There are 2 protein chains.
Amino acid sequence: MAVKTKQAEAQALPLNTIVPGDCIEVMRSLPAASVDLIFADPPYNLQLKGDLHRPDNSRVDAVDDHWDQFSSFAVYDAFTRDWLAAARRILKPNGAIWVIGSYHNVFRLGAELQNQGFWILNDVVWRKSNPMPNFRGKRLTNAHETLIWAGKEENSKYTFNYEALKAMNDGVQMRSDWMIPLCTGHERLKDENGDKAHPTQKPEALLHRIILATTNPGDVVLDPFFGTGTTGAVAKMLGRDFIGIEREEAYRKVAQDRIDRTRRLDASALEVTGSKRAEPRVPFGNVVERGMLRAGEELYSLGSRHVARVRPDGTIVGNDVKGSIHQVGAHLEGAPSCNGWTYWHFKRDGRLIPIDILRQQIRAEIEADERPAH
Amino acid sequence: MAVKTKQAEAQALPLNTIVPGDCIEVMRSLPAASVDLIFADPPYNLQLKGDLHRPDNSRVDAVDDHWDQFSSFAVYDAFTRDWLAAARRILKPNGAIWVIGSYHNVFRLGAELQNQGFWILNDVVWRKSNPMPNFRGKRLTNAHETLIWAGKEENSKYTFNYEALKAMNDGVQMRSDWMIPLCTGHERLKDENGDKAHPTQKPEALLHRIILATTNPGDVVLDPFFGTGTTGAVAKMLGRDFIGIEREEAYRKVAQDRIDRTRRLDASALEVTGSKRAEPRVPFGNVVERGMLRAGEELYSLGSRHVARVRPDGTIVGNDVKGSIHQVGAHLEGAPSCNGWTYWHFKRDGRLIPIDILRQQIRAEIEADERPAH
DNA sequence: TTGGCCAGTGAATCATGGA
DNA sequence: GTCCATGATTCACTGGCCA
């Protein structure tokens, strides 16, 4: 079943290609529930005093009346509604989306995400280390853009590589504000005239963090506003599959060249710090079965304030309460829950050692058994 | 006329008081176009499910107050629409508003601001130096909140003390991301039980920066969700008038005590680095009127490539083109605009001196006239 | 007076898999 | 769908107490 689905997807999904055309139409042509992550950097040609263009590039009549201002917002909102709905349809149930915007459009993006049932997980601030100053001294230096990370729905089991991001951040939790420089220098793609190939090329560092944090190797990442293909280049490098959609041929060409030049990291380079949750579950009974602890042996809480005794079936008894290592620990502490593996200790040579050590030994043996012989 | 208006305002506006009641009704009862700045910290509509415990099993004291509960986005949006409309009506034409929110509500706030014709000037990120961690490791640490600064309308001549903020920021432009600690320690107000008096008290440092940046001494600052009165306390300290609106009697009492304890800084302590833009406009004609330059005298561009002659009405003529110092300068340079004050120079003792020197002399005299005698 | 240790806390949409 | 057992998970700072 899973294999069949995989095959069907592989046939239907234009993996690792840049699809020409309007992103709404293209997304509507793709199979439902087929991509893991969407990254979208939609146009925010809003209120720029100049012309406002519809998604099909037709020009909205210039306006300065109040009601017409509203009509401009309405056009932008309708566009947002359409492409977000198309994006949501092709997301897997446990998929997620990132969108990026500035104050011109991000409030409308966020509100529409919520209206459609996406579940916001974080808003993230891209703090620019080298923003353009406010030349006229009339406002604050606009030194950031806003990203929104949202699951397809409230109960989506979204991917989040917590430990990897924590490791990336010197061992403390990654915060919602990220300091990343603008895309400049050699990374900034130029056209044949030496001008920048795209006005809003995003830095690879930004996509690197996003893709590392919220996908796993082999996942499918789709970008409906592909531009010069930062999403595709970083996805390829990190061993993810990508789908790009881009209307402008000039951008598609630049992006394709760029991706062709990009090297995919080999599998060993893709490993990141994993979560304990992903490791195989080991019942405490296994520890007793294997004789690592024997029935009747005593367990101690830290500080030895509480003592419990191991029983042959892997339950323990302490203070006349019987149950699992977790239940007895929670009871003795008067706490709603307790991780018995880290709470209880056994004595060796007069020292207290957490029983989690024993679980780690068992896990190491399991892994050794499952690893193919070299 | 101006005096009359001032008096009428003073009679109608409940300056420096905390008005009990629903903020929408109270704002509707106030005269239109009467306040300079609104700071609003509306309910966030957090949608919390069960309890949350820290890894040490202590329980997180969540915001579960009745005033933060809304049954749907539609209900929250209607509430937002109503209070923003009431707020907009009482703003002066050149007034501005600040709102603060988290990802739960700020996108809806921002979109509705735009819908009603407010003109967003900046979004500002309050980066918390000491945020609560993400205890379960399921998301990024939610380490910021978002503020939106908006003028009443697109062409409002809003107040922005650019130079003061630049000075506050070690001489470089203030950015849109502000690192400020949470309100804790002695600043955090407690009730008679020693518990926090309000679940979401904002730090005074945040309001200090906002009020300093976007009002002048004597301005009227209104806060429709007054809570424990941080806005009022900081406004009073900084020599601004405030109007607070608060529904809950317990909060009003705490706020009033707090404001009574707050001391207003004296006028000399309120002076901040002035912006050139805030300085009085000086027509070039004044320079001629005062005889600092005489009609017929010659002005020179830098390098003396161009020459113009002063005319009695404060216009100049160069290369057969007549107009203001700015117009003629722009014409001679073929530029769309030109700051005539720095472009043109006059000769004294064979040296070229920019005419801006003369404007500065005039301004110095104006300031000396307006400063009260000590 | 200073420093070390311990306890407390802050606008939070904070689990998962098997029966 | 529900119920239940397992068990994973925190950073910066403040203030009080005591040596």
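What you see is a predicted model, and the numbers here were worked out from it, not measured in a lab. Letters A, B, ... are given to chains in the order of the sequence lines, protein chains preceding strands, and every chain is numbered from 1.
Nucleotide D:dT10 has no partner under the Watson-Crick or G-U criteria, as no pair reaches both atom distances under 3.5 Å. For C:dA11, there is no paired base (Watson-Crick or G-U wobble, both distances below 3.5 Å).
With distances taken from any side-chain atom of B:V63 to the nucleotides D:dC13, C:dA11, D:dT9, the minimum falls on C:dA11.
When the side-chain nitrogen and oxygen atoms of A:H326 are compared with OP1 and OP2 of D:dG7, one or more of them lie within a distance under 4.0 Å. Remark: A:S324 is not in phosphate contact with D:dA5, judged by side-chain N or O atoms under 4.0 Å from OP1 or OP2. One finds a side-chain N or O of A:R359 lying less than 4.0 angstrom from the OP1 or OP2 phosphate oxygen of D:dA8.
In this structure, A:I355 places its CD1 atom 10 Å from P of D:dG7, rounding to the nearest Å. Note: OH (A:Y162) to C1' (D:dG7) measures 15 Å, nearest angstrom. At whole-Å resolution of the value, NZ in B:K138 and P in C:dC14 are 11 Å apart. The distance from atom CH2 of A:W119 to atom C1' of C:dA12 is 12 Å, rounded to the nearest whole Å. Rounded to whole Å, the distance from CG on A:D170 to C1' on D:dT10 is 17 Å.
Here A:E163 lies in heavy-atom contact (under 4.0 Å) with sugar-phosphate atoms only. As judged by a 4.0 angstrom heavy-atom cut-off over every strand, B:P131 is placed among the base-contacting residues. Nucleic acid contact for A:R277: sugar-phosphate only, since backbone atoms but no base atoms lie under 4.0 Å from a heavy atom of the residue. Using a 4.0 Å heavy-atom distance criterion, B:G50 is classed as a base contact. Within 4.0 Å (heavy atoms only), B:D195 reaches no atom of the nucleic acid at all. Using a 4.0 Å heavy-atom distance criterion, A:K276 is classed as a sugar-phosphate-only contact. The residue A:L121 sits apart from the nucleic acid: no heavy atom pair falls under 4.0 Å. B:V106 comes within 4.0 angstrom of nothing in the nucleic acid, heavy atoms only. A:K166 comes within contact range of the sugar-phosphate backbone alone, with a heavy-atom separation under 4.0 Å but no base atom that close. Contact annotation for A:Q173: backbone-only contact, meaning every heavy-atom pair under 4.0 Å involves sugar-phosphate atoms and none involves a base. No contact: B:C183 has no heavy atom under 4.0 Å from any strand. Within the nucleic acid shown, B:T200 comes within 4.0 Å of at least one base atom, counting heavy atoms only. Using a 4.0 Å heavy-atom cutoff across all strands shown, B:D68 reaches at least one base atom of the nucleic acid.
Comparing B:Q201 and B:N134 against DNA chain C, the residue whose closest nucleotide sits nearer the 5' end is B:Q201. Taking the nucleotide of DNA chain C with the nearest heavy atom to each of B:A62 and B:S58, the more 5' of the two is matched to B:S58.
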Open item on the list: Working note: A:R305 + A:S301, criterion side chain to side chain donor-acceptor pair (under 3.5 Å); need CA distance, chi angles, decisive distance, verdict.
Closed with: CA-CA 6 Å; A:R305 287 191 306 172; A:S301 68; 5.2 Å; no
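Using P as the reference atom, D:dG7 and C:dC14 are 23 Å apart when rounded to the nearest Å. Distance noted for atom C1' between C:dA11 and C:dA15: 23 Å (whole Å). Taking atom C1' on both D:dC17 and C:dT1, the two are 15 Å apart, rounded to the nearest angstrom. For the C1' atoms, the distance from D:dT10 to C:dA7 is 15 Å, rounded to whole Å.
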